[in-house]
Amino acid sequence: MIPVAESDNSIESQDSASLFSAAQALAGARIMMIDDEPLNMEVLQIHLEAEGYQNFVTLDDSTQAMAQLRDHIPDVLLLDLVMPMVSGLDILREIRLDPELKHIPTIVLTSSNDPATKLQALQLGATDFLAKPVDASELALRMRNTLSARAYQQRMMHFDALTGLPNRLYYMTLLRKSLGRVTDTSEQAAQVVVNINRFKAVNDSLGPDRGDEVLWAFCERLRTAFGARGQLAVDPSIHDGLPTCVSRIGGDRFGALLPIDSSDTERQHLNECLKRFTESLETPIVIEGQDIYLTASIGISILSESTPSVELLVNDAETAMNHARRRHDTQFAFYSEHMDAKARELMSMESGMRTAVENGEIFLCYQPKVNIAEDRIAGCEALVRWMHPEFGLISPVNFIPLAEDTGMIVSIGEWVLRESCFYAMRVRASGHAAFKIAVNVSIRQLHEPDFLTIVKSALEDSMLPPQALIIELTENMIMENAETNVVKLQRLKALGVQISIDDFGTGYSSLSYLQRFPLDQLKIDRSFIREIEEADTHTPIVKAVISLAHDLGLSVVAEGVETDMQLSHIRDLECEEFQGYLCSKPVGEEEFYQLLVNEGSVQGALKKSA
């Protein structure tokens, strides 16, 4: 078969790989000749050997043609049309019905000048014609053109046009070839699935052209980490050993095959490759001066003689990858059988989530936000909950990431937004005119084309004043593709709503971007408040965040306040509001309203909820 193609990312190296060495390509091309006259084939072989071809299969019994073709699949077939018993046309007809053989380029040899015969041959899939007696120069030219077209066709069939990496077809074929090898030799290889987390948001915010640049850079890091820069055959079925191969098997998903040395019982080399790759993602990808931070979820399954099938091998790696994705940062996980039960549970959850809103299983709880100076409930945060008919109450920690991965967060988020606006308006109409409600928004929602329209519609339909709605986004969320998010938040702010940064202090905000974001509020993450254990506890981060926020003209909310000591501490630092169990856990609509009507006092609320 034709050996070609270098797996490299530069245009120049791809071109050189595609062209490879002409001498090597000629020497490696397998040419099959089928003719009932052996002398004709001898003459053709002499002419072709003079051009550098070396690999020939000849057959003068046309009744054995299909068997020989399946046993020795050629790069090009030279086929005589007029033969006894089984004609060249008969063979062409059978070739085109065989899925493994139908793409073999076939040059028909004929002395016939009958146009009808030639037309029939073309209709049956003949690639080209050579008139008998064959001219040596014409034979060389047509053979070279046919093989060049064959090599190009195979590359287009097996390689991704954007990245130059092998595609899914190539990868799955290589895995099947490798499975056959490890069954015979007891070798092992790691089969790795890598998924870029939330790449759709990156692509939507940057546009497809810049998104392609991000993909290219990601591939480069993956290939470097796994050392996948060797020569790969254009046809994956001809590899003799277990090559290191990185391929693009989906839009934002990649597969990697990495041989495991039998003496490396701890799989040290594999772990080093994985660590090298995860560490490479800590450095941002820079696109037109903008820092793009990516995370990836990685699942690994082991290809060995006990592997039942390639499909199961890939499925196991994807199960492990989904397990790793629930960790929210760049992580990798090795497949284990207990993951299957979790995967089935998630599949059931995903299925149920599609009808959860219309079935009334999704509902809202409300946690008070307390004005510290005035000792009263000034608003609340709306928090979504799911009462699953099979699994009971499911934590948002478990179902929100699933909703984001599947895209269902968009419809669920819209429902939450509308319900929150209507509830806040009912509270305001009951005599709490300054009441505000905070709603969490995911990056997936923010980058939806109609998100602003959805927000505007929820406000207009509920008649809630825009300033009574606080949109909460996490710090890490807005810092991903910060330049794009500045524009999106400015448009959101133009509607009149307030914008708050949740979990502040846990991410990697740039102070310059904080000044550019149209913010109204920062929420200090509960992990910093939890550290306040004594009256004289030194809390430089809490103090610095509050001071920074005030310098930027922002108000501050402390999350997770559970003790009087913590409340006293943040009051001394002039923090404006707090949330936490000191006032109330998240409660239902009626219970929250009872907290409100109890004079709006924190102490009163504590007594009421006790």
Side-chain angles (χ1 to χ4, degrees), residues 1-2 4 25-26 28-48 51 53 55-158 169-170 173 234-238:
M1 307 296 283
I2 307 174
V4 184
L26 293 177
R30 179 181 293 157
I31 300 168
M32 180 178 286
M33 294 180 277
I34 302 176
D35 195 322
D36 61 328
E37 293 288 345
L39 181 60
N40 290 340
M41 293 187 286
E42 289 177 16
V43 172
L44 289 173
Q45 184 168 332
I46 291 171
H47 291 324
L48 291 172
E51 296 294 329
Y53 298 97
N55 191 352
F56 299 95
V57 177
T58 60
L59 180 66
D60 59 11
D61 181 1
S62 61
T63 63
Q64 299 298 312
M66 296 306 297
Q68 287 294 308
L69 281 165
R70 294 188 181 99
D71 289 343
H72 308 283
I73 298 177
D75 291 300
V76 63
L77 171 63
L78 296 174
L79 178 65
D80 187 23
L81 278 189
V82 182
M83 293 181 288
M85 303 293 291
V86 178
S87 71
L89 293 175
D90 294 331
I91 294 171
L92 273 175
R93 188 175 292 108
E94 288 194 57
I95 286 175
R96 299 317 163 194
L97 293 175
D98 190 307
E100 292 188 9
L101 305 178
K102 65 181 181 180
H103 296 297
I104 295 174
T106 303
I107 300 176
V108 169
L109 306 173
T110 179
S111 56
S112 173
N113 292 319
D114 179 16
T117 302
K118 292 185 176 181
L119 178 60
Q120 187 178 5
L122 288 171
Q123 289 173 335
L124 291 173
T127 308
D128 206 345
F129 289 92
L130 271 174
K132 292 183 176 180
V134 173
D135 178 78
S137 299
E138 184 180 3
L139 172 64
L141 180 61
R142 292 186 186 275
M143 186 65 69
R144 185 164 56 249
N145 290 345
T146 299
L147 287 172
S148 296
R150 167 77 163 169
Y152 178 77
Q153 180 190 47
Q154 287 191 317
R155 182 167 184 84
M156 294 300 293
M157 182 187 302
H158 289 131
L169 175 62
Y170 185 107
T173 304
V234 168
D235 186 342
S237 65
I238 69 172

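- Ser148 meets the side-chain hydrogen bond (donor to acceptor under 3.5 Å, both in side chains) test with no other residue; sequence neighbours excluded.
- Tested against Ile107 for a side-chain contact (heavy atoms from CB on, under 4.5 Å), the candidates Val76, Leu79, Leu139, Val134 yield a single pass: Val76.
- The side-chain contact (heavy atoms from CB on, under 4.5 Å) test applied to Gln123 returns Leu119, not counting sequence neighbours.
- Of the candidates Ile34, Asp36, Thr63, Thr63 is the only one forming a side-chain contact (heavy atoms from CB on, under 4.5 Å) with Val86.
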(message) Under the criterion side chain to side chain contact (heavy atoms under 4.5 Å, CB included), I'd like the reasoning laid out for Leu59 against Met32: C-alpha separation, chi angles, the key distance, then a yes or no.
(response) CA-CA 8 Å; Leu59 180 66; Met32 180 178 286; 5.7 Å; no
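- Residues forming a side-chain contact (heavy atoms from CB on, under 4.5 Å) with Asn145 (at least two apart in sequence, or on another chain): Leu141.
- The structure places CG of Asp80 at 11.5 Å from CG of Asp60, a figure rounded to the nearest 0.5 Å.
- The structure places NE2 of His47 at 11.5 Å from CE of Met143, a figure rounded to the nearest 0.5 Å.
- When every heavy atom of Met83 is checked against every heavy atom of Gly88, the shortest pair comes out as CE-N, 3.8 Å.
- Across all non-hydrogen atoms, the minimal contact from Pro84 to Ser62 is O-OG, 3.3 Å.
- Contact annotation: the side chain of Thr106 never approaches that of Ile91 to less than 4.5 Å [non-hydrogen atoms, C-beta and beyond].
- Listed here is the closest heavy atom pair of Val57 and His72: CG2-CB, 4.2 Å.
- Residues meeting the side-chain hydrogen bond (donor to acceptor under 3.5 Å, both in side chains) test with Asp98, sequence neighbours left out: Arg70.
- The two residues Tyr53 and Phe56 have their closest heavy-atom pair at O-CE1, 3.5 Å.
- Sorted by first and then second residue, the salt bridge (Lys or Arg N to Asp or Glu O under 4.0 Å) pairs with a member in residues 100-110 form an empty list; sequence neighbours excluded.
- Every residue meeting the side-chain contact (heavy atoms from CB on, under 4.5 Å) condition with Thr127, not counting sequence neighbours, appears here in chain and number order: Pro105.
- When the side-chain hydrogen bond (donor to acceptor under 3.5 Å, both in side chains) test is applied to Asp90, the partners found at least two apart in sequence or on another chain are Ser87, Arg93.
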(request) For Val108 and Leu92, run side chain to side chain contact (heavy atoms under 4.5 Å, CB included): C-alpha distance rounded to whole Å, both residues' side-chain angles, the deciding distance at 0.1 Å, then the answer. (result) CA-CA 10 Å; Val108 169; Leu92 273 175; 4.2 Å; yes
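- Annotation: the span from Thr58 atom OG1 to Leu44 atom CG amounts to 11.0 Å, rounded to 0.5 Å.
- The two residues Leu97 and Pro99 come nearest to each other via the heavy atoms O-CD, 3.6 Å.
- Note that CG of Leu109 is 6.5 Å distant from CG of Asp35, once rounded to the nearest 0.5 Å.
- Between atom CD1 of residue Ile73 and atom CZ of residue Arg30 there is a gap of 8.0 Å, rounded to the nearest 0.5 Å.
- In terms of the side-chain hydrogen bond (donor to acceptor under 3.5 Å, both in side chains) criterion, residue partners of Glu138 (sequence neighbours excluded) are, by chain and number, Arg142.
- Qualifying side-chain contact (heavy atoms from CB on, under 4.5 Å) partners for Glu94, counting only residues two or more places apart in sequence or in other chains: Met66.
- Closest approach of Ile104 to Pro74, counting heavy atoms only: CD1-CD, 3.7 Å.
- Taking CG of Asp75 as the start and CD1 of Ile31 as the end, the distance is 8.5 Å to the nearest 0.5 Å.
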